[in-house]
Amino acid sequence: MNSELTVAVHCLLYLDSKEDRMANSEQIACSVATHPARVRKVLSLLRRHDLVTTKEGARGGYLLKCELSQVTLGDLYRIFAQGSLHPNWCSGSEHSSCNISSNIPAVMNQIYSGAEKQVEMFFDRLPLSEVKQMLDEFEKEKEEKSVSKEAGPNWHFFVGSYADRGEPGIYLCELQRDTGEMRVIHETAGLTNPSFVTFDAKGMRLYAVSEQTEGQVAGFAVDPKDGKLTMLHSERATHGADPCHLALKCGRDPFLLVANYSSGHVNAFALEADGSLGEMTALICHEGSSVNQERQESAHAHSIVPSHDGRFAFVSDLGTDQIVIYRLECGRLVKHGVTHLPPGTGPRHFVLHPSERFAYGMNELNNTMTAYTFDPVEGRLEAIQHVSSLPDDFRGENYPADIHFSPDGRYVYGSNRGHDSIVRFRIDRHTGRLEDPEWTSVGGSWPRNFAVLDDYVLVANQYSGNIVALRRDPESGSLTPAEHSLSISKPSCIEPLPADFAVGKQPAGSM
């Protein structure tokens with residue numbers, strides 16, 4: 001549906017939620033996670049149709065002029081989206097020798113016109129007061145689900161590690177939330193160095209890299225009864241060296257995206273209906289270097305992260321000091337832009353904030369975390385802040401690694417290999433800048449990867465061979481040791497399953 005229509009609905013509902021029914025464009029833009037200019041454009045049309053008015057002065061802004069019960073979704077649809085269903089056909093003309101081709105535009109436009117009339121009729125029956133009620137019910141349902149998840153006595157998570165093909169490399173583990181104790185439920189062998197794993201939203205399909213010179217990826221089905229893994233297809237070659245990160249582009253056409261560190265390749269694989277890996281649809285080799293002659297002699301793609309809407313993918317290239325942005329077009333990776341970082345930065349892992357206004361990256365070579373502003377419409381990143389991942393008094397060798405948000409998006413955490421800590425930053429919700437750092441020891445050596453839960457942070461310490469549980473205060477974001485550790489050989493990745501996944505109980509909505 002037309003995005004301007006969505007923004008218009010939000011503007012009116014947001015103004016209705018204010019005690020004085022008034023707000024300025026910056027406040028509205030912040031609440032809807034878009035740009036003030038876009039909000040002003042929408043509000044100018046709403047003002048033209050006498051739905052809002054303006055109040056001048058220091059405490060002025062846009063004032064809601066209508067009652068929600070008197071405005072329907074159809075009214076807004078006619079202002080912002082009418083005609084959006086009509087395609088631009090170019091498959092033939094009335095002079096074409098092929099009757100089918102020449103008639104397609106007229107017939108299809110007739111079909112789409114009929115569909116649009118049905119949409120408009122449906123929207124006319126929905127006053128904004130009813131839309132508001134539907135949103136309130138949806139929010140209440142989310143809260144109930146959250147409370148239900150919070151009440152769970154344990155949490156399950158997968159661990160990827162460095163292991164020979166015949167050794168256990170992927171582990172399903174359980175965290176007891178009341179005590180912080182952990183245990184291994186079962187182990188899976190058969191894949192060389194499954195150092196990074198991820199899975200779908202329901203936790204029913206797991207995907208893993210095989211980090212070796214001739215890189216591979218593999219997909220597994222997760223048995224909801226006991227969590228055991230069954231490989232869906234033989235491994236797929238990445239045609240790159242040392243794949244170290246992968247991510248799922250979800251939606252109607254899902255793809256698996258892969259970053260190959262040593263060769264600098266990024267690629268995409270189609271996913272079949274059963275979740276198994278299909279054919280490779282994209283293979284791109286980065287080129288370039290930077291100032292660190294030992295680590296940046298060539299391109300090194302270290303992570304690949306899709307945007308929330310699946311339109312873009314962001315590749316952190318440690319070797320070239322760049323975030324390379326691609327458009328995802330039917331499984332192809334089309335270069336869209338580049339965000340340059342200071343020479344010697346070495347970007348490694350990258351995350352997009354839930355608000356879609358900001359993004360953050362962990363930089364391996366200069367011990368920093370970078371904050372970016374993010375334009376989700378244009379797919380643009382701009383670095384606004386570089387902060388040290390280390391305390392001022394630390395003088396040892398250190399290599400930052402992983403980065404994750406708290407579930408509520410108020411804090412961002414990063415791991416330090418060498419200082420052997422997790423750093424926590426508070427995020428300014430207005431500017432996106434990082435402040436108030438805190439450091440917590442990870443109780444082991446070389447925290448390569450970690451996972452943030454509501455009340456715990458689980459850390460994979462690669463060199464000391466242990467998973468450590470840190471308790472997390474959801475309000476302050478602060479961490480404290482839970483004094484429990486789980487021995488696993490060379491752990492390198494932790495992926496928590498959905499909160500409603502429990503061994504022996506099939507997740508809601510799964511087949």
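Bear in mind the structure is a predicted one, so any value in this text is a computation, not a measurement. Counting begins at 1 with the first residue of the sequence.
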Can you give me the closest heavy-atom contact between [X] and [Y], atom names plus distance?
{"X": "Asp402", "Y": "Met362", "value": "O-CG, 3.8 Å"}
{"X": "Gln322", "Y": "Pro347", "value": "O-CG, 3.7 Å"}
{"X": "Gly344", "Y": "Asp321", "value": "N-OD2, 2.7 Å"}
{"X": "Ser263", "Y": "Ala241", "value": "OG-N, 2.9 Å"}
{"X": "Glu475", "Y": "Tyr411", "value": "O-OH, 2.7 Å"}
{"X": "Ala282", "Y": "Gly331", "value": "CB-O, 3.5 Å"}

What is the distance from atom [atom1] of [X] to atom [atom2] of [Y], rounded to the nearest 0.5 Å?
{"X": "Gln385", "Y": "Asp428", "atom1": "CD", "atom2": "CG", "value": "9.5 Å"}
{"X": "Ser276", "Y": "Leu232", "atom1": "OG", "atom2": "CG", "value": "6.0 Å"}
{"X": "Asp200", "Y": "Leu256", "atom1": "CG", "atom2": "CG", "value": "11.5 Å"}
{"X": "Asn292", "Y": "Glu364", "atom1": "CG", "atom2": "CD", "value": "10.0 Å"}
{"X": "Ile488", "Y": "Tyr171", "atom1": "CD1", "atom2": "OH", "value": "6.0 Å"}
{"X": "Cys11", "Y": "Arg40", "atom1": "SG", "atom2": "CZ", "value": "11.5 Å"}

Would you confirm whether [X], through its side chain, and [Y], through its main-chain N or O, come within 3.5 Å as a donor-acceptor pair?
{"X": "Arg357", "Y": "His430", "answer": "yes"}
{"X": "His353", "Y": "Ser355", "answer": "yes"}
{"X": "Glu378", "Y": "Asp375", "answer": "no"}
{"X": "Trp439", "Y": "His419", "answer": "no"}
{"X": "Asn260", "Y": "His265", "answer": "yes"}
{"X": "Gln296", "Y": "Gln293", "answer": "no"}
{"X": "Ser161", "Y": "Gly169", "answer": "yes"}
{"X": "Ser445", "Y": "Ser464", "answer": "no"}
{"X": "Arg410", "Y": "Arg429", "answer": "no"}
{"X": "Tyr413", "Y": "Val457", "answer": "no"}

Between [X] and [Y], is any pair of side-chain heavy atoms under 4.5 Å apart?
{"X": "Ile494", "Y": "Val459", "result": "no"}
{"X": "Leu229", "Y": "Phe158", "result": "yes"}
{"X": "Tyr162", "Y": "Glu211", "result": "yes"}
{"X": "Arg472", "Y": "Arg424", "result": "no"}
{"X": "His308", "Y": "Glu356", "result": "yes"}
{"X": "Ile284", "Y": "Asn267", "result": "no"}
{"X": "Val338", "Y": "Ile323", "result": "no"}
{"X": "Val266", "Y": "Leu257", "result": "no"}

Hey, are [Y] and [X] close enough side-chain-wise for a donor-acceptor pair under 3.5 Å?
{"X": "Glu297", "Y": "Ser289", "answer": "no"}
{"X": "Ser421", "Y": "Asn416", "answer": "yes"}
{"X": "Gln216", "Y": "Glu214", "answer": "no"}
{"X": "His286", "Y": "Asp317", "answer": "yes"}
{"X": "Asn193", "Y": "Gln212", "answer": "no"}

- Query: In terms of ring plane angle, is the pair Tyr463 and Trp446 parallel, tilted or perpendicular, where the classes change at 30° and 60°?
  - Reply: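 Tyr463 vs Trp446 ring planes: parallel.
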- Item | Distance flag, aromatic centroids of His404 and His349, threshold under 6.0 Å |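 Centroid separation for His349 and His404: 6.0 Å or greater.
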- Determine which pairs satisfy side-chain hydrogen bond (donor to acceptor under 3.5 Å, both in side chains) with at least one residue from residues 483-494, sequence neighbours left out, and list them in order.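 Listed once each, the pairs are Asn466-Ser485.
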- Message: Here's a test for you: under ring-ring contact (aromatic ring centres under 6.0 Å, His included), which of Phe374, Tyr326, Tyr372 qualifies with Phe314?
- Response: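 The option that passes is Phe374.
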- Task: Using a cut-off of 6.0 Å, state whether more than 12 heavy atoms not belonging to Glu272 lie near its atom CD.
- Result: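 Yes - once you tally the heavy atoms of other residues, nucleotides and ligands closer than 6.0 Å, there are more than 12.
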- Task: List the steps, then state whether side-chain contact (heavy atoms from CB on, under 4.5 Å) holds for His239 with Met280.
- Result: CA-CA 10 Å; His239 299 289; Met280 184 188 297; 3.3 Å; yes
- Evaluate the side-chain contact (heavy atoms from CB on, under 4.5 Å) criterion for residues Ile427 and Phe405: first the C-alpha distance (whole Å), next the side-chain angles of each, then the deciding distance (0.1 Å), finally the verdict. CA-CA 10 Å; Ile427 298 172; Phe405 296 112; 3.9 Å; yes
Test: [X] and [Y] ion pair at under 4.0 Å:
{"X": "Arg311", "Y": "Glu329", "result": "no"}
{"X": "Glu187", "Y": "Lys228", "result": "no"}
{"X": "Asp455", "Y": "Arg177", "result": "yes"}
{"X": "Arg236", "Y": "Glu279", "result": "yes"}
{"X": "Lys225", "Y": "Asp223", "result": "no"}
{"X": "Arg205", "Y": "Asp274", "result": "no"}

- Task: Mind running side chain to side chain donor-acceptor pair (under 3.5 Å) on Arg471 and Thr480 for me, showing each step along the way?
- Result: CA-CA 5 Å; Arg471 292 190 183 275; Thr480 54; 5.9 Å; no
- Query: Just one of Asn363, Asn366, Thr370, Thr368 clears the side-chain hydrogen bond (donor to acceptor under 3.5 Å, both in side chains) bar with His386, so which one?
  - Reply: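 Going through Asn363, Asn366, Thr370, Thr368 one by one, the side-chain hydrogen bond (donor to acceptor under 3.5 Å, both in side chains) with His386 is satisfied by Thr370 alone.
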- Leu318 vs Tyr261, side-chain contact (heavy atoms from CB on, under 4.5 Å): CA-CA, chis, key distance, verdict: CA-CA 9 Å; Leu318 181 146; Tyr261 176 80; 3.8 Å; yes
- Message: Could you walk me through whether Ser31 and His10 satisfy the side chain to side chain donor-acceptor pair (under 3.5 Å) test, starting with their C-alpha distance in whole Å, then the side-chain angles of each, then the deciding distance to 0.1 Å, before giving a yes or no?
- Response: CA-CA 9 Å; Ser31 69; His10 178 91; 2.9 Å; yes
- Task: May I have the step-by-step check of side-chain contact (heavy atoms from CB on, under 4.5 Å) for Leu453 and Trp155, ending in yes or no?
- Result: CA-CA 9 Å; Leu453 309 178; Trp155 206 303; 3.8 Å; yes
